[in-house]
Every structure is written in C-alpha cells, then in structure tokens.
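Handing you this structure, nothing more for now.
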Amino acid sequence: MNANQPIINLKTFTTFALALGLSCTAWAQNITIPVETKNNALVLQIDGKKDIGTIYLGKKLNDAAAYAQIPSVYKQTADYTDNTSNSAYSTSGSRGYFEPAVTVTHSDGNNSLDLRYVSHKVTKVDNNVSLLSVVLKDPVYNFEVTLYYKSYFNEDVVEQWSSIKHSEKGNVVLHKFASANLYLKAAKYYLTQYHGEWAKEMQPEESLITHGIKTLDTKLGTRANLFQPSVFMISIDQPATEDEGTVLYGSVEWSGNFRTDLELDNMDNLRVIAGANNYASAYTLKPNEVFTTPAFLYTMSDKGKGDASRKLQRWARNYRVLDGNGNRLTLLNNWEATYFDFDEQKLFELIKDTKKLGVDMFLLDDGWFANKYPRNGDNAGLGDWQENKKKLPNGVSSLVKEATANGVKFGIWLEPEMVNPKSELYEKHPNWVIKQPKRDEHYFRNQLVLDLANPEVQNFVFGIVDDLFTKNPELAYIKWDCNAVIFNAYSAHLKNQSHFYIEYMRGLYKVLERIRAKYPKVPMMLCSGGGGRVDYAALKYFTEFWPSDNTDPLERIFIQWEYSYFYPAITSSNHVTDWGKQPIKFRVDVAMMGKLGFDIVVSKLSGDELKFCQEAIKNYNQLKDIIWHGEQYRLADPRKNSVASIMYVDEAKSSCVMFNYLVNNRYDEGSKLPVKLKGLDAAKRYTLKEINLYPGSNSSLDATKTYSGEFLMTIGYNPDVKAGRNSVILQINEAK
Ligand code: DGJ
C-alpha cells in the first residue's frame with residue numbers, strides 16, 4: 001500500500017462487501033475491520049453475537065484479506081467462549097470479568113452494561129489521515145458508545161477515544177470511561193515506565209509484566225506528571241533495544257488525572273485500558289449529552305525504540321505540537337540570574353546582555369507583579385497580575401520598548417491558574433479558589449489553584465494573557481507555569497463535585513482554545529515547576545516544554561534522553577545555567593541538543609567564556625534547523641556507556657550534527673571504541689568537523705578526511721571523548 005491509498009483498509013469477509021467510507025449496518029457471521037497504517041495493523045472483529053473484539057495488533061500483513069484467518073486466539077476454552085476478554089471496549093456487570101473500560105449505573109439503578117456492534121464507517125480526513133468510528137449499543141438499555149480510531153498512515157500513529165451517550169429516562173452515572181482498550185498477544189511483555197519528582201523527572205524503570213493489574217496513574221489534578229507521566233513503552237516478547245525488537249509507545253492525551261491499567265489475564269493476553277482517571281470522578285450524564293473521552297495515543301515498531309521514537313516525533317511535529325515544523329526563539333531568562341530580586345534598571349542591563357550574547361529574546365521570569373502583596377518571594381502576590389510599581393515603575397511596556405530598541409524580543413512568565421492566599425485576588429474572590437469549605441487550607445509552594453471549572457475564572461485567566469498582549473502587542477513569548485497540585489478538591493461553582501477534575505481540565509482547554517483563537521502562533525512554554533505537565537493534549541497549545549528545573553548538564557543528559565523517546569527536540573527547552581560543576585562549554589553543548597536558552601549572569605562570564613557562548617550560538621543558528629526538524633538517532637545510551645551520543649540528520653541525509661558527552665568521570669573513562677553513526681546515506685561521503693571549540697583549544701580530530709556513510713554506520717567514528725574533552729560536537733556534512 002502506498003501513502004496515497006487510504007490508511008484504513010476496510011474489508012469484510014462476509015457475503016457483504018463494504019465500500020470504503022460507507023456506513024455499514026448489515027453483516028453475516030464475522031466482520032473483520034483492519035485499521036492499517038504503513039507498517040502496522042489493529043484488527044477488530046465482530047462475531048455472530050455482535051461482540052467486537054481485537055484479534056490482532058502488530059506488524060501488518062501484505063494481504064489484508066488474511067486477517068480474517070486469524071484464529072480467535074484470545075478466546076477462552078469452550079466453557080468460556082461467551083466471555084468478552086478481547087473486547088475492544090470492555091464493560092462490567094454483564095459478561096466481562098476483567099478490568100472494564102466503561103462502567104455505568106443506568107437511570108433505573110442497574111449496574112450492567114453490554115455493548116454490541118451496530119455499524120461502522122471510515123472517513124478519509126486526507127491522504128494520510130483516516131477516522132474509523134464504530135457504533136456500539138446496549139441491547140437492553142438506550143445506551144450507546146462510539147469508538148474512534150484516528151490513524152496517521154505514514155507515522156504509524158493511532159489516536160483512540162470514545163464518545164458515550166444515552167437516551168434513558170433519567171441520568172446515567174459513568175463510573176469509568178476509558179479512551180481505549182488495547183489487546184496484545186505475546187509470550188511476555190516488558191513495561192518501561194517513568195517516575196519522578198521535582199528536579200528528578202523521567203526516571204525509567206523496566207520490568208516484566210506479571211499477572212494481575214499494574215496501574216500507572218496520577219491523582220494530582222494539576223502538575224499531574226509530578227510523580228508519574230502518562231508515557232510508557234511495552235516491549236513484546238523481549239525488552240526492545242534502540243534498533244531491535246517490537247515496542248509499543250503509549251500516552252494519554254490529558255493534562256489532568258490519567259490512568260492506564262495493564263492487565264495480564266489468565267490466557268497471557270495483555271489488556272491496556274487507558275484514559276482520564278475515574279478517581280473521585282463519577283460522571284452524571286444527562287440524556288442525550290455526549291461525553292467524549294480524551295484520546296489515547298500509540299505507535300508501534302518492530303525495529304526497536306529508535307524507530308518508534310522517530311515516528312512519534314514526526315507525528316508530533318506534523319500534527320500536534322503548536323507550530324511543530326516552525327521556528328523557535330533562543331533566549332536569555334533571568335530566573336536563576338536574579339530570582340525575585342530585580343528592578344527596571346537591572347532588567348535593562350539584562351536586555352543589553354541578551355543582545356551581547358546573541359540570542360533572540362529576553363524572558364522575564366517570576367516576580368514582576370503585585371503591589372499590595374508584592375511578589376518578592378513565592379509566598380505572596382500570585383493572582384495580582386499588575387506590574388509591581390517599585391520594580392517596574394514604567395510597566396512591562398517600557399521593558400518591551402527597551403528590548404525592541406536593543407534589537408531583541410521580549411517574553412514574560414505567568415502562572416495564571418494559581419493564587420497565593422496573600423493576594424488581592426484571594427481577598428476579592430475567595431470563591432474562585434479550590435479549597436474545601438469546612439477544612440483547613442493546605443498549600444503547595446504557598447499557593448492554591450484557581451477553580452477553572454468556573455467560567456468567570458476562565459474569563460479571568462484568559463484576560464491575564466489578553467491584557468498583556470493588548471497592552472504590549474510586541475510581546476513575543478509566554479512561559480506558562482503551574483507549580484501546585486490540587487489539594488482539597490472542591491469547586492464552589494459546581495453542583496456535582498464528582499465532575500470537578502474533568503471540568504477543571506475542560507476549563508483549562510477552553511481558555512487555551514480562546515488564547516489560540518486570538519493569538520494563534522505566539523510561542524508559549526509549558527512549564528510546571530519543571531516537567532510536571534508535559535503531555536500531548538497541552539502541546540496542542542504550546543510550542544515547547546520545560547523538562548526540569550534541574551539544569552545540571554550531567555543530569556540533563558539523562559532527563560533529555562528519556563524525554564527524547566516521546567517528544568521531538570524542538571519541544572525541549574534546554575537552558576544553560578550555573579547548576580552543576582561542568583565548565584560552560586559542557587553546559588552549552590548539552591543545552592544545544594534541543595531548544596537552546598540561557599539563564600546565567602552574562603556580565604559574570606570571563607572574556608573567553610563569553611566568546612565561547614557567542615560562537616556557540618552562531619553555530620547553533622546554523623544547526624538548529626537540523627536539530628528542530630531533522631531525524632534524531634540515539635547512538636550511545638548514557639545509562640549503559642561512559643559516553644552519551646546522539647545525532648540529528650536532515651531530510652537529504654547530507655547535513656548532520658552529533659553530540660557526545662562523557663557521563664562517567666572515573667579514571668580513564670571515555671570513548672574507547674568508535675561510535676556507530678545512524679541515518680546516513682551509505683553511498684555518500686562525509687566530513688566530520690569538531691565545532692564549539694573553547695577559545696585557545698584545538699580539536700584532536702582530523703576534519704580533512706572523508707568517510708563513506710557505510711563506513712561511519714558500520715565501523716563508526718571515535719569522537720575522542722575523555723577527561724579534558726568531556727563534550728564533543730561534530731558537524732557532519734556531505735563531502736563536496
Ligand atoms: C518554577 C519554574 O520551573 C522555574 O523555571 C521558575 O519559572 C519558577 N517556577 C518561578 O517561580
């Protein structure tokens with residue numbers, strides 16, 4: 001199948017042949033529906049009882065007709081044939097006995113649900129994207145679920161979600177409402193999951209999945225990924241490596257509470273049930289109201305983790321991240337340079353330093369606002385978004401003017417979802433704050449979360465951004481922070497508190513939609529006290545994210561490495577700071593792996609340090625197109641080697657950049673063996689030139705030699721990383 005053919009090959013192997021794009025309500029014994037992408041297929045099958053199950057998820061077959069021959073391997077023995085263990089959307093209270101995707105209490109108080117196939121149709125969105133929808137109904141109740149499968153052919157990515165509605169006489173309560181219910185059949189499954197903390201994001205763990213249920217979830221409401229992000233990998237049969245093995249990457253597209261259950265059943269099938277977390281969230285659904293779940297996103301590769309990553313990164317750039325194929329601004333941020341201690345004069349100096357350094361923009365961080373309770377620390381002022389008159393007597397507009405006069409852009413920090421109890425906002429609108437009416441307040445970083453379920457609060461939050469842009473049309477960038485989790489979840493606005501977590505997120509997305517409708521392209525950084533909110537629902541509105549407050553470059557190599565499995569380099573804001581013990585070259589070289597920024601006191605740099613940074617920024621400007629838009633290949637894993645290596649290759653395979661870092665400072669460690677490059681054209685010849693040399697130092701590598709792509713990918717190249725040369729960047733170009 002080529003890229004111009006439909007993504008979803010719809011075939012039935014019954015007496016009825018269905019035409020692509022037509023809706024179908026008739027069938028004989030079985031209907032087989034393959035959802036095919038370039039390399040993979042998810043195959044659904046409807047049996048004579050109208051049960052819909054997953055009979056296959058994996059590498060696609062050349063002959064789509066052969067899917068019908070797949071035995072119902074997921075079915076149990078004769079005694080159990082009626083069960084629905086491979087259900088495409090498992091229910092509870094009727095015939096299913098495993099973890100359900102959906103659980104309800106009907107309007108008459110009955111707790112059973114049984115969903116049977118009614119019809120399906122395929123809509124071709126464009127040459128690459130198709131949408132399969134499958135309607136299921138309960139034979140007894142007027143209760144209906146539509147399953148959606150949006151497939152991106154070239155990227156091998158599928159987004160799955162469901163919509164739920166009913167026309168019963170009264171309300172129905174949804175106790176669980178998963179986005180997707182995948183089904184895998186293999187001998188063994190290995191889970192790679194992540195845990196973390198502030199400054200310790202994306203710590204990987206891999207384990208054999210054992211029988212029973214393993215749940216990955218969060219209940220924090222906001223800053224939801226603080227302890228656990230929703231991204232995970234499942235390797236099939238054996239742990240996948242960078243270039244070998246079958247692996248599925250999954251993630252829930254939801255910035256709030258998520259939940260993924262991985263259930264290994266009695267027949268060794270793995271059921272993956274993922275969606276928004278139903279924790280404290282029983283949802284009362286009125287007749288004819290449609291409840292749409294967020295999407296569950298996945299991709300699969302039989303060529304290892306690297307291939308899976310590149311597919312997801314391509315999908316993200318092409319379809320999800322705001323301006324994913326566009327440009328980004330390099331910047332100087334003042335957070336670690338000043339913290340809350342600055343005034344207009346100091347900022348004017350920093351704006352001049354921005355120009356001197358050679359980056360595109362100055363980003364003013366926390367501390368610029370609030371008067372009655374000035375924001376001079378993290379214990380006051382959040383919510384009062386008026387310029388602090390002492391620090392900024394002439395307002396933000398004077399800073400924007402100064403930036404423009406210096407030929408740089410100006411960006412600003414906001415944390416619009418939050419409030420300090422010590423603020424005028426809290427005094428004026430205590431009912432806008434999430435807190436339990438009868439309980440003591442409980443703070444996270446001295447602050448509370450505003451109730452975005454309330455439309456008045458949504459207007460307020462939209463207004464913060466809108467006012468800033470209205471007063472300062474030249475404002476070029478926003479860093480949107482979110483430092484607190486939700487304690488004492490309670491909305492004074494909502495009648496039904498069980499809707500709180502869902503309505504909060506709906507409110508947040510409404511605000512972001514409004515911002516994007518009015519300011520479609522202004523770059524915004526997604527920050528949450530570090531990487532507390534990094535997900536593919538939010539990245540629809542944001543151009544980049546802040547991986548971690550931990551900017552120690554040695555730590556960052558590991559953190560950025562793990563994010564790179566799931567997110568493209570263009571989204572990773574990497575700032576050079578004073579964290580860690582490494583010299584400036586090492587810090588800059590590490591930050592260059594993604595979207596480069598600085599958060600240092602430029603005036604304290606020595607002459608050579610400044611010169612190095614200025615040259616490095618020039619190099620970055622030449623290479624950024626490859627880093628942002630090229631293909632990324634992980635070459636040497638810092639968790640398995642003393643050296644970490646990663647490279648980026650442009651579409652023509654003629655311009656590349658390779659980053660190499662020493663990650664083990666023990667005696668005599670370094671790149672003893674050549675590192676095998678990837679993604680090159682075997683037939684082309686390349687030169688390798690070391691760049692970002694510190695003033696006064698020479699490269700130990702010979703830039704005049706040329707090598708074939710075949711040589712570099714088979715034999716490799718030694719970047720000569722060792723103590724004293726602990727970071728080496730190579731610019732690789734096709735030899736002229
Ligand atoms: C947390 C962020 O992660 C930091 O980068 C900084 O913006 C502070 N908040 C400001 O309070």
Side-chain angles (χ1 to χ4, degrees), residues 196-202 220 222-227 229 255 329 331-342 347 350 361-370 373-385 388 391 410-420 422-423 443-450 464-465 468 477-485 523-535 538 542-553 555-556 559-560 563 571-580 587 591 594-601:
E197 238 295 9
W198 176 78
K200 283 184 78 177
E201 289 84 348
M202 295 298 279
L220 303 179
T222 45
R223 201 171 172 174
N225 291 1
L226 179 60
F227 304 133
S255 311
L329 298 166
L331 58 85
L332 177 67
N333 185 199
N334 73 312
W335 176 238
E336 291 187 21
T338 65
Y339 292 104
F340 298 95
D341 180 21
F342 56 80
L347 295 180
L350 296 184
M361 181 178 66
F362 175 69
L363 169 62
L364 174 59
D365 215 284
D366 196 354
W368 58 268
F369 50 90
Y373 304 103
R375 182 72 172 167
N376 292 328
D378 64 13
N379 61 339
L382 264 187
D384 300 346
W385 298 102
N388 178 275
K391 290 182 189 173
F410 184 85
I412 203 159
W413 177 95
L414 288 173
E415 195 178 0
E417 294 161 79
M418 303 286 162
V419 62
N420 281 126
K422 261 173 107 180
S423 69
Y443 307 123
F444 197 106
R445 205 196 188 205
N446 307 308
Q447 64 197 56
L448 292 163
V449 183
L450 290 174
I464 299 166
V465 178
L468 271 170
Y477 185 91
I478 288 194
K479 174 177 176 183
W480 181 302
D481 209 343
C482 165
N483 284 291
V485 306
M524 291 209 299
M525 184 209 281
L526 178 61
C527 174
S528 186
R533 184 190 267 170
V534 185
D535 65 79
F542 291 84
T543 47
E544 55 222 68
F545 66 86
W546 183 234
S548 177
D549 274 359
N550 188 340
T551 45
D552 176 331
E555 295 293 328
R556 269 300 183 108
I559 293 174
Q560 290 169 197
Y563 275 115
T571 57
S572 179
S573 298
N574 304 336
H575 293 184
V576 177
T577 73
D578 286 331
W579 279 54
R587 289 182 268 150
K595 210 222 82 172
L596 176 66
F598 289 79
D599 193 348
I600 49 170
V601 184

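Note that the structure is predicted; figures quoted are calculated from it, not measured. Just so you know, ligand 1 is whichever comes first in the structure, and atom 1 is the first atom listed for that ligand.
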**Prompt:** Does at least one non-hydrogen atom of Met525 fall below 4.0 angstrom from an atom of ligand 1?
**Reply:** no
**Asked** To which of Asp365, Asp599, Asn550 does the heavy atom nearest atom 6 (C) of ligand 1 belong?
**Response**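 Selected option, by shortest heavy-atom distance: Asp365.
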**Message:** Heavy-atom contact check, 4.0 Å cutoff: does Lys479 meet ligand 1?
**Reply:**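 Per 4.0 Å heavy-atom rule, Lys479 contacts ligand 1.
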**Prompt:** Which atoms of ligand 1 sit under 4.0 Å from any heavy atom of Trp546?
**Reply:**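 Within the 4.0 Å cut-off of Trp546, ligand 1 contributes 3 (O), 5 (O).
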**Prompt:** At what distance is the nearest protein heavy atom to atom 4 (C) of ligand 1, and which residue and atom is it?
**Reply:**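 Here the closest protein heavy atom is Asp549 OD1, 3.6 Å.
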**Prompt:** So is Lys391 actually on top of Trp368's ring, under 6.0 Å and inside 45° of the axis?
**Reply:**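 Lys391 over Trp368 ring: no.
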**Item:** Leu414 and Asp481, any side-chain heavy atoms less than 4.5 Å apart
**Value:**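 The answer is no, as the side chains (C-beta and beyond) never meet within the 4.5 Å cut-off.
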**Asked** Does any N/O atom on Gly530 come nearer than 3.5 Å to any N/O atom on ligand 1?
**Response** yes
**Prompt:** How about Trp198 and Asp549: does a side-chain donor come under 3.5 Å of a side-chain acceptor?
**Reply:** yes
**Request:** Answer yes or no for Asp378: is there a heavy-atom contact with ligand 1 below 4.0 Å?
**Result:** no
**Prompt:** For ligand 1, does Cys527 get within less than 4.0 Å through its side chain, its backbone, both, or neither, judged by non-hydrogen atoms?
**Reply:**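 The answer is the side chain.
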**Message:** So if I count the atoms of ligand 1 from 1 in the order they appear, which ones are less than 4.0 Å from some heavy atom of Gly529?
**Reply:**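 Close to Gly529: 1 (C), 3 (O).
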**Asked** Just checking, any donor-acceptor pair under 3.5 angstrom between side chains of Asn483 and Gln447?
**Response**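 Per modelled atom types, Asn483 and Gln447 side chains form no pair under 3.5 Å.
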**Asked** With a cut-off of under 6.0 Å to the ring centre and 45° to the axis, is Arg375 in cation-pi contact with Trp413?
**Response**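 No, cation not above the ring by the 6.0 Å, 45° rule.
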**Residues that Trp335 engages under ring-ring contact (aromatic ring centres under 6.0 Å, His included), provided they are two or more places apart** = Tyr339, Phe340
**Asked** Should Arg223 and Glu417 count as an ion pair when the cut-off is N to O under 4.0 Å?
**Response** no
**Message:** If we set the cut-off at 4.0 Å for heavy atoms, which region of Glu336 has an atom near ligand 1: side chain, backbone, both, or neither?
**Reply:**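 None of Glu336 does.
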**Closest to atom 1 (C) of ligand 1 (judged by heavy-atom distance), picking from Leu414, Asn334, Asp366, Asp481** = Asp481
**Message:** Can you classify the ring geometry of His575 versus Trp546 as parallel (below 30°), tilted (30 to 60°) or perpendicular (above 60°)?
**Reply:**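 The arrangement is tilted - the two ring planes meet at 30° to 60°.
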**Request:** Before signing off on this row, confirm whether Arg375 and ligand 1 have an N or O atom pair separated by under 3.5 Å.
**Result:** no
